Protein chains: 6
Amino acid sequence: MISTPDPRPTGQTTAEPTRLAHLDAHTYRDWAAGEQSTVILPAGAFEQHGPHLPLGTDAILSSTIAEAVASRIGAKVAEPLSYGYKSQQKSGGGDHLAGTVSLDAAALIAQARCIMAGFLQQGVRHLVVLNGHYENYQFLYEAADLALGDLRSAGHDVGPVAPAILLLSYWDYVTEDTLETVYPDGFPGWDIEHGGVLETSLMLHLHPGLVAMDRAVSHPPAALPRFDRLPVVVSRTPETGCLSAPDGSDARKGSLLFEKVTAELAGDLATELGLPAREVPETS
Amino acid sequence: MISTPDPRPTGQTTAEPTRLAHLDAHTYRDWAAGEQSTVILPAGAFEQHGPHLPLGTDAILSSTIAEAVASRIGAKVAEPLSYGYKSQQKSGGGDHLAGTVSLDAAALIAQARCIMAGFLQQGVRHLVVLNGHYENYQFLYEAADLALGDLRSAGHDVGPVAPAILLLSYWDYVTEDTLETVYPDGFPGWDIEHGGVLETSLMLHLHPGLVAMDRAVSHPPAALPRFDRLPVVVSRTPETGCLSAPDGSDARKGSLLFEKVTAELAGDLATELGLPAREVPETS
Amino acid sequence: MISTPDPRPTGQTTAEPTRLAHLDAHTYRDWAAGEQSTVILPAGAFEQHGPHLPLGTDAILSSTIAEAVASRIGAKVAEPLSYGYKSQQKSGGGDHLAGTVSLDAAALIAQARCIMAGFLQQGVRHLVVLNGHYENYQFLYEAADLALGDLRSAGHDVGPVAPAILLLSYWDYVTEDTLETVYPDGFPGWDIEHGGVLETSLMLHLHPGLVAMDRAVSHPPAALPRFDRLPVVVSRTPETGCLSAPDGSDARKGSLLFEKVTAELAGDLATELGLPAREVPETS
Amino acid sequence: MISTPDPRPTGQTTAEPTRLAHLDAHTYRDWAAGEQSTVILPAGAFEQHGPHLPLGTDAILSSTIAEAVASRIGAKVAEPLSYGYKSQQKSGGGDHLAGTVSLDAAALIAQARCIMAGFLQQGVRHLVVLNGHYENYQFLYEAADLALGDLRSAGHDVGPVAPAILLLSYWDYVTEDTLETVYPDGFPGWDIEHGGVLETSLMLHLHPGLVAMDRAVSHPPAALPRFDRLPVVVSRTPETGCLSAPDGSDARKGSLLFEKVTAELAGDLATELGLPAREVPETS
Amino acid sequence: MISTPDPRPTGQTTAEPTRLAHLDAHTYRDWAAGEQSTVILPAGAFEQHGPHLPLGTDAILSSTIAEAVASRIGAKVAEPLSYGYKSQQKSGGGDHLAGTVSLDAAALIAQARCIMAGFLQQGVRHLVVLNGHYENYQFLYEAADLALGDLRSAGHDVGPVAPAILLLSYWDYVTEDTLETVYPDGFPGWDIEHGGVLETSLMLHLHPGLVAMDRAVSHPPAALPRFDRLPVVVSRTPETGCLSAPDGSDARKGSLLFEKVTAELAGDLATELGLPAREVPETS
Amino acid sequence: MISTPDPRPTGQTTAEPTRLAHLDAHTYRDWAAGEQSTVILPAGAFEQHGPHLPLGTDAILSSTIAEAVASRIGAKVAEPLSYGYKSQQKSGGGDHLAGTVSLDAAALIAQARCIMAGFLQQGVRHLVVLNGHYENYQFLYEAADLALGDLRSAGHDVGPVAPAILLLSYWDYVTEDTLETVYPDGFPGWDIEHGGVLETSLMLHLHPGLVAMDRAVSHPPAALPRFDRLPVVVSRTPETGCLSAPDGSDARKGSLLFEKVTAELAGDLATELGLPAREVPETS
């Protein structure tokens with residue numbers, strides 16, 4: 001997670017941080033006992049994103065978006081899942097590429113299940129899993145379903161309102177309008193948006209120091225078959241590792257994407273969970 | 001991980017970062033192919049550390065120490081294991097306490113196994129697991145052993161020098177001399193060093209903004225039996241959640257501990273792995 | 001699987017069946033040893049499909065399509081995976097509905113892994129997994145990846161051409177052109193195509209005796225949020241269990257879908273695997 | 001499963017099918033809620049049965065017997081477990097033989113556990129597992145025991161009569177009298193009844209088009225040791241893959257076996273579960 | 001295991017013990033490296049055997065028989081599997097009875113797999129699993145098959161003669177002749193031989209101090225159905241927990257059974273494994 | 001387990017044995033139903049202990065100590081876990097050494113979990129796990145935690161006093177005073193006490209016939225690094241396999257250690273569990 005700087009002067013208690021790992025246990029305990037305590041768990045990956053984006057892109061983006069959404073709805077952000085499910089050729093270039101270190105299904109499910117059940121058993125009312133790596137989704141779903149089963153079998157007292165887990169990928173909150181602005185020549189499709197304009201623009205807006213546009217390479221989008229083949233035919237992934245080139249990425253597009261996604265997402269969560277939708281704070 | 005700030009001006013390639021998640025894939029690929037590429041994987045926990053230390057203390061300390069060691073020996077640091085094995089009453093106060101969200105054995109082993117095998121399969125020469133949460137150790141050991149088995153069964157070509165995994169806890173590099181300085185009245189023992197002088201002093205030195213000394217509570221050390229009992233007898237853990245009070249902690253002691261541990265550890269690794277021991281760079 | 005009738009007169013050997021379960025072991029052995037032996041494994045589910053379609057719809061459709069494709073490319077069809085991953089509200093109405101009996105991730109992965117590895121270890125050259133239940137896909141992918149690892153760790157002799165596993169869902173072979181014909185008022189989206197026009201039309205063409213159009217109910221399409229919520233809010237699924245109504249389904253549309261999908265798919269497989277694309281035989 | 005032909009004219013609701021996969025969800029829901037709803041789950045294998053019987057013999061026989069028994073007692077038949085546990089040399093010739101694709105223990109247990117728990121959680125009163133592959137039995141037993149544990153830990157409301165799982169192999173309903181008729185020269189023992197007179201005669205009666213008696217080979221019964229040896233000594237299995245030859249098989253014996261077994265089994269289940277034993281319907 | 005007394009005077013090396021746990025590591029190393037090193041692994045259970053036999057009966061008998069067989073063929077005996085698979089009503093009375101503490105399938109398979117692979121990886125040539133608890137058999141088989149797979153994936157160098165695992169239950173070596181002598185009124189069948197004449201007579205011969213014949217109860221044999229039902233109908237197991245009464249048991253029958261079984265078994269193993277069949281030593 | 005001799009004359013009921021495996025089921029049932037029924041489960045290993053100690057040392061010592069403690073507090077002793085977790089170089093010399101056959105984490109956890117849950121489900125009030133193999137500890141802890149979860153999810157009725165599991169290693173009951181007597185030249189540390197003075201002296205006192213002091217080798221203590229390295233550097237373990245030499249071991253020291261440990265441990269358990277601390281019986 002690209003972190004907010006340490007928020008408190010030395011040795012003094014000040015404003016409560018958004019990032020849960022920065023809270024002390026007693027502050028956490030009191031917060032978690034509240035009626036609307038909501039934890040956002042970002043899920044990413046350690047995965048190649050071509051020569052111009054960092055390996056941590058998926059976890060960085062999901063964490064940064066999670067912090068912005070949390071600020072809007074009074075939620076807090078858990079430490080991200082920094083390693084994700086195996087990169088698939090049709091959505092991430094393939095698990096064989098240098099820079100991609102992945103979890104298998106059992107490992108990802110087990111890890112996410114423990115964390116989800118853990119927060120809910122502690123009295124947290126709502127858990128929102130904010131995914132930033134396509135391949136993770138179904139395994140996070142399984143983890144959520146098993147975690148709820150764990151709560152039931154532990155005889156967990158759930159009070160008048162049952163705890164809920166919400167699961168989403170942030171790009172599902174990019175609207176058609178936004179796509180038209182970001183891709184004036186037409187949106188090439190989510191399937192090849194790996195290391196392309198969306199991720200690059202978001203990173204240029206949020207973490208420009210981690211982007212090396214001078215290393216970016218222009219190339220045609222990957223032409224991948226309708227099936228998955230294993231082992232992969234290596235030559236089907238462009239040499240950069242990106243499925244489409246980041247041509248035309250800029251921080252302005254990233255800003256638009258970021259503001260739209262966080263606003264849409266915060267609004268959706270506030271409505272669904274009965275949380276107050278705060279005025280937009282200054283973005284960190 | 002308490003991160004170093006983004007190290008590069010917008011959109012320009014500059015100095016290579018220590019943190020792997022900040023590297024791009026092609027830079028990583030070239031680095032990993034080197035004869036002495038060494039990755040340090042910090043392991044921590046999300047665990048209560050009383051009213052004055054943050055929940056992420058174990059991952060923060062292991063990550064920060066890992067970065068310092070990496071700078072000395074030319075290694076790089078992977079994203080930390082931010083969630084750890086269940087907190088045990090005799091070393092962490094117990095898994096029932098608010099603020100502690102843990103992995104079970106299977107989840108921790110599976111996650112660490114995939115990550116270890118993943119880096120080694122990519123050609124990284126050495127993997128050092130730097131543990132900061134006592135309860136993790138044996139499960140990380142199992143993960144390492146299984147990861148090596150995975151390499152063997154995948155028929156991985158290991159070249160003239162077999163890849164190695166090193167596993168250690170950072171406090172094993174605190175010497176008797178250092179202990180005498182930090183604990184002038186005598187060291188109370190590692191078993192109750194949870195939220196006590198060592199962790200608090202290190203945090204005051206490294207991340208003072210995350211420590212709230214005004215919330216720290218003085219109390220006698222926990223008096224725990226020689227056995228573990230499950231379910232725990234809740235009253236055996238002090239109300240703070242710390243097993244010993246942080247009385248007498250200060251940044252100076254933290255600085256001493258940090259410098260000694262990183263120097264000892266870097267020296268040990270350099271010798272064992274045949275790496276160059278660099279001049280100590282300025283600490284970040 | 002809706003089976004072809006017994007293809008041979010009593011006690012006499014005649015034409016070789018397409019369905020592997022109907023072959024004898026010695027015929028199978030000789031066939032599998034061929035250079036282009038290809039097995040298609042249909043994957044379905046046991047899942048409610050509203051009041052007008054049978055519970056086995058997904059397995060029935062994937063099996064029937066598999067048989068037709070197999071006839072075109074000289075492949076054979078394995079017994080289907082008749083039970084699938086948990087029905088999700090946004091793609092199948094939800095796992096809580098009467099008539100849905102599902103496998104969890106571990107069970108589905110384990111079963112598919114054993115079957116895939118088994119066929120390849122027997123010398124079958126290519127395995128095509130033809131999916132008919134959306135929720136299965138990622139778990140079948142994991143199974144394929146693990147099965148290939150099993151082959152490697154068993155030291156399986158793979159000959160000059162490595163065995164390959166292909167994975168696809170049949171609806172990925174419905175083209176835009178076909179959609180425009182089938183949905184003259186506009187395609188509502190794959191996400192709510194559960195018990196709707198596509199599945200109903202296919203069943204009316206292929207297995208009309210299993211469709212009860214007099215029980216079909218007209219209702220607006222489901223309006224589902226962008227996130228998954230667990231446990232589900234039951235009222236979000238229409239009372240029928242279908243995510244869109246089958247209004248306008250007919251056998252003619254089913255015939256068009258079937259012919260187009262099988263032709264596209266057979267062509268794709270023939271090209272990818274170097275198989276002869278046969279003249280279309282009479283459909284059974 | 002060798003299926004009954006589609007039981008309903010196009011698009012019209014008629015008689016309720018025995019096979020659950022052919023029911024629609026609402027009909028299923030009403031049926032399952034009845035006080036005596038009973039599901040029979042056939043368990044088979046994909047296993048070589050020599051040159052004269054099809055690979056699916058075990059699943060075909062257990063499914064066909066299940067349908068006949070279900071007709072007698074008003075039960076319904078679930079989709080069969082088409083893949084079974086590893087063929088053992090002493091009961092099935094061995095798992096190394098071409099045509100045998102098996103599940104390991106974990107996969108079979110996991111699959112059967114999910115299915116059993118699934119039906120019972122839906123309110124089905126009784127589940128009968130009808131086994132047709134010797135090697136499956138103990139793993140199905142474990143699955144049943146674990147499924148009942150799942151129900152308990154889910155806090156399933158079991159009503160006045162607890163749900164029950166019954167587990168049996170169909171050949172346990174072949175009586176001594178019947179054996180004397182079928183084997184006039186003495187019964188050689190269940191252990192070598194693989195591809196022999198019992199299975200062959202049943203298939204000749206029930207599915208003659210799937211039997212190739214002109215390919216059957218006469219040979220002495222296998223002489224197998226009292227121990228299992230792994231890896232197997234390949235030469236101990238006769239070249240046909242059958243443990244005894246099908247000499248003397250005929251449809252008349254098959255008819256006798258089938259009628260006796262279904263009658264005995266139906267009677268047993270009706271008594272145990274308090275179901276009405278119907279008049280024998282015309283066999284399909 | 002009912003052990004042989006400590007075989008050596010204080011602090012002096014004497015005759016090499018049969019029980020592996022009593023060997024020192026260097027003696028073991030030299031022995032294991034021999035061309036015919038054979039380990040027998042007894043498998044039992046911790047299971048009620050009525051009011052007159054000890055809970056450890058199955059492990060005691062398999063261990064004692066293993067020691068006798070080992071003496072005859074120059075093998076050594078590993079520590080037994082003292083806990084077995086769940087007692088089933090039709091073979092052991094049921095897992096609900098006081099005194100029965102069982103492993104589930106996964107636990108038994110995992111334990112046995114590690115032990116089997118461990119001995120073979122150490123160079124032991126042959127491993128014989130000698131089972132004394134009916135319910136264990138299939139799970140031990142799976143363990144053996146997986147252990148051999150582990151050897152293969154570890155690239156274990158197996159030398160000119162591949163290592164083998166033999167698996168058997170000791171009662172398979174009771175011949176018809178012996179049964180006629182032990183059961184002059186006819187053998188009631190292995191299925192209800194739990195706590196009956198065979199086990200009781202063997203224990204009276206081998207470990208009379210562990211048998212309380214004054215507590216034995218006479219009752220008719222259990223009348224159990226042809227199916228397994230779960231949960232069990234408790235009343236179907238006789239109140240003693242035995243499936244047949246031990247009436248007529250005596251040490252003489254036990255001696256006959258023991259001598260016949262050990263002789264048959266030793267002969268079979270010697271032939272199969274090419275071991276010398278020694279003169280029968282004095283029984284301990 | 002080095003067993004007590006058969007405690008009863010042939011066929012007669014006499015004094016109740018301490019070892020549970022020697023009890024009959026009805027005696028067990030009555031005993032377990034008592035308010036203070038306590039089972040001690042010894043945990044050991046099958047592990048090389050140099051040329052002078054037997055492979056079963058860890059299980060033998062934990063079992064013998066368990067029996068002595070049980071006699072003092074009226075507990076009973078379950079069959080030991082005879083195989084333990086992988087030997088680690090820094091505490092046991094390493095898992096690669098001849099004579100060491102180990103369980104992996106999953107196998108040890110699964111086995112211990114089933115046994116612990118099993119005894120508690122039978123109504124046993126307290127379970128004490130007495131560990132004698134360092135590497136086991138954390139895995140036994142996980143097993144205990146999971147077993148308690150199993151009880152909860154089974155809806156186990158726990159009565160007024162919840163069942164408890166206690167977990168300890170016997171050497172934690174060796175006091176400083178005792179260490180000073182046993183190691184007059186200073187205690188070298190628990191980490192290299194493998195095959196050294198403590199274990200050797202205890203064995204010389206308790207089972208002298210299993211110790212071969214004439215084979216013992218004197219050598220300097222192992223000098224091991226502060227990290228674990230995998231695969232191990234073989235040369236770091238002394239050739240004997242012992243981490244320190246048994247020089248100076250004698251039965252008198254063993255007697256002192258044994259009496260002190262059993263007294264301390266029995267006292268601790270009696271206090272914790274509210275059991276009567278009996279007069280020390282004559283040691284067997």
Side-chain angles (χ1 to χ4, degrees), chain B residues 85-86 88-90 95 102 104-106 108-110 113 116 126-131 134-149 151-152 158 162-175 225-233 264-265 268-269 271-273, chain F residues 85-86 88-90 95 102 104-106 108-110 113 116 126-131 134-149 151-152 158 162-175 225-233 264-265 268-269 271-273:
Chain B
Y85 182 68
K86 297 164 187 170
Q88 292 168 249
Q89 189 171 37
K90 290 175 64 180
D95 211 49
S102 306
D104 61 20
L108 178 54
I109 292 170
R113 173 187 187 170
M116 295 183 198
H126 306 298
L127 186 71
V128 178
V129 185
L130 196 159
N131 183 40
Y134 174 80
E135 289 87 340
N136 287 342
Y137 198 88
Q138 288 292 83
F139 306 106
L140 296 173
Y141 182 93
E142 171 73 351
D145 193 60
L146 297 177
L148 290 171
L151 287 180
R152 274 189 289 270
V158 296
I165 301 177
L166 269 58
L167 173 60
L168 55 95
S169 296
Y170 72 78
W171 50 80
D172 288 332
Y173 287 83
V174 179
T175 61
R226 283 171 284 192
F227 47 79
D228 268 298
R229 178 173 181 152
L230 292 99
V232 297
V233 176
E264 287 271 334
L265 184 40
D268 230 17
L269 296 180
T271 304
E272 180 74 8
L273 303 176
Chain F
Y85 182 68
K86 297 163 187 171
Q88 293 168 247
Q89 189 172 37
K90 290 175 63 180
D95 211 49
S102 306
D104 62 20
L108 178 53
I109 291 170
R113 173 187 188 170
M116 294 182 198
H126 305 298
L127 185 71
V128 178
V129 185
L130 196 159
N131 182 41
Y134 173 81
E135 290 86 340
N136 286 342
Y137 198 88
Q138 288 292 83
F139 307 106
L140 296 173
Y141 182 94
E142 172 73 350
D145 193 59
L146 296 177
L148 290 171
L151 286 181
R152 275 190 289 271
V158 296
I165 301 177
L166 269 59
L167 173 60
L168 56 96
S169 295
Y170 72 78
W171 49 81
D172 288 331
Y173 288 84
V174 178
T175 62
R226 282 170 285 191
F227 48 78
D228 268 297
R229 179 174 181 151
L230 293 96
V232 297
V233 176
E264 286 272 333
L265 183 40
D268 230 17
L269 296 180
T271 303
E272 180 73 9
L273 303 176

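If you're wondering where the values come from, they're calculated on a predicted model, not measured in any experiment. A, B, ... follow the sequence lines: proteins, then strands. Residue 1 opens every chain.
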Original post:
About how many Å separate CG of B:Asp172 and CG of F:Asp228, when rounded to the nearest 0.5 Å?
Top reply: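 Interatomic distance, F:Asp228 CG to B:Asp172 CG, rounded to 0.5 Å: 9.5 Å.
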**OP:** Rounded to the nearest 0.5 Å, what's the gap from CG on B:Leu265 to CZ on F:Phe227? Could you check?
**Re:**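 So the CG of B:Leu265 and the CZ of F:Phe227 are separated by 10.0 Å.
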Under a 4.5 Å heavy-atom cut-off, does chain F meet the side chain of [X], its backbone, both or neither?
X        : result
B:Tyr141 : both
B:Ile109 : side chain
B:Asp104 : both
B:Leu230 : both
B:Tyr173 : both

Subject >> Side-chain heavy atoms of F:Phe139 within contact of B:Gln138, under 4.5 Å >> reply: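 A side-chain contact exists here, since the closest heavy-atom pair is under 4.5 Å.
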**OP:** Specify the closest pair of heavy atoms between B:Ala105 and F:Glu142, including all atoms of both residues, with the distance to one decimal.
**Re:**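 Closest approach of B:Ala105 to F:Glu142, heavy atoms only: N-OE2, 3.0 Å.
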**OP:** Work out which heavy atom in F:Pro231 is nearest to a heavy atom in B:Pro163; give both atom names and the distance.
**Re:**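 The answer is CD-O, 3.7 Å.
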Subject >> Leading residue by heavy atom contact count with chain B [cutoff under 4.5 Å; candidates F:Lys86, F:Glu135, F:Arg226] >> reply: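 Ranked by contacts with chain B, first place is F:Arg226.
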Original post:
Quick check: are there more than 12 heavy atoms from other residues, nucleotides or ligands sitting under 6.0 Å from OH of B:Tyr134?
Top reply: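 Incorrect, the count does not exceed 12.
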**OP:** Select, from B:Ile165, B:Leu127, B:Leu168, the one with the greatest count of heavy-atom pairs under 4.5 Å involving chain F.
**Re:**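 Going by pairs under 4.5 Å, I would pick B:Ile165.
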Subject >> Top of B:Leu146, B:Leu148, B:Val129 for chain F proximity - count of heavy-atom pairs under 4.5 angstrom >> reply: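 Ranked by contacts with chain F, first place is B:Leu148.
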